[in-house]
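Let me begin by presenting the structure, written as structure tokens, before commenting on it.
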Amino acid sequence: MIGYDNLSERYVVHWIDVFGGRFSETLGYGKRVGNEIDFIFEYPDGPFRTNFIWDATRGQWHWQMTQKNTSGQWTTFADLTLSQTERD
């Protein structure tokens, strides 16, 4: 669930997924810059980023998720392209 908080002028995201209730307690916060929204989640085991980039030319979203490993380096968790399927 993604929404915009007018007071803080930032986006708020609450993931509801298969990783369990403990992980869904943490909200992500992000700012939009151009066609991109970068969310940061401060999980107990380390920070996690979810980045959405809109490609208007292709009509697709690029969705990249990264996490900080124990060495302090950002590593790729997932890298996806979202596009609409053909309609009948």
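Under a hydrophobic-cluster definition in which Ile, Leu, Val, Met, Phe, Trp and Tyr are linked whenever side-chain heavy atoms come within less than 4.5 Å, directly or via other members, Tyr4 and Ile37 are assigned to the same cluster. Residues Tyr43 and Phe39 share a single hydrophobic cluster, defined by chaining ILVMFWY side chains whose heavy atoms lie under 4.5 Å apart.
Taking CH2 from Trp15 and OG1 from Thr50, the interatomic distance works out to 5.5 Å, rounded to the nearest 0.5 Å. The distance from atom CG of Asp45 to atom OG1 of Thr26, rounded to the nearest 0.5 Å, is 9.0 Å. Taking NZ of Lys31 as the reference point, atom CZ of Arg10 lies at 7.5 Å (rounded to 0.5 Å). Remark: Asn51 CG to Met65 CE distance equals 10.5 Å, nearest 0.5 Å.
Residue pairs meeting the salt bridge (Lys or Arg N to Asp or Glu O under 4.0 Å) criterion with at least one member in residues 33-44, sequence neighbours excluded, are Asp38-Arg49. Legend: salt bridge (Lys or Arg N to Asp or Glu O under 4.0 Å) pairs involving residues 53-71, not counting sequence neighbours: none detected.
Partners of Arg32 according to the side-chain hydrogen bond (donor to acceptor under 3.5 Å, both in side chains) rule, which considers only residues two or more places apart in sequence or in another chain, do not exist here. Gln84 is linked by a side-chain contact (heavy atoms from CB on, under 4.5 Å) to Arg87, counting only residues two or more places apart in sequence or in another chain. For Phe52, the ring pair (Phe, Tyr, Trp, His ring centres under 6.0 Å) partners are Trp63, not counting sequence neighbours.
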Tell me which donor-acceptor pairs under 3.5 Å the side chains of residues 71-83 have, and how far apart each pair is, sequence neighbours excluded?
residue	atom	partner	partner atom	Å
Thr75	OG1	Gln67	O	3.2
Asp79	OD1	His62	NE2	2.5

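In this structure, Val13 and Phe41 approach most closely via the heavy-atom pair CG1-CZ, 3.2 Å.
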Would Asp5 and Tyr11 satisfy side chain to side chain contact (heavy atoms under 4.5 Å, CB included), going step by step from the backbone distance to the final call? CA-CA 6 Å; Asp5 179 11; Tyr11 288 86; over 6 Å; no
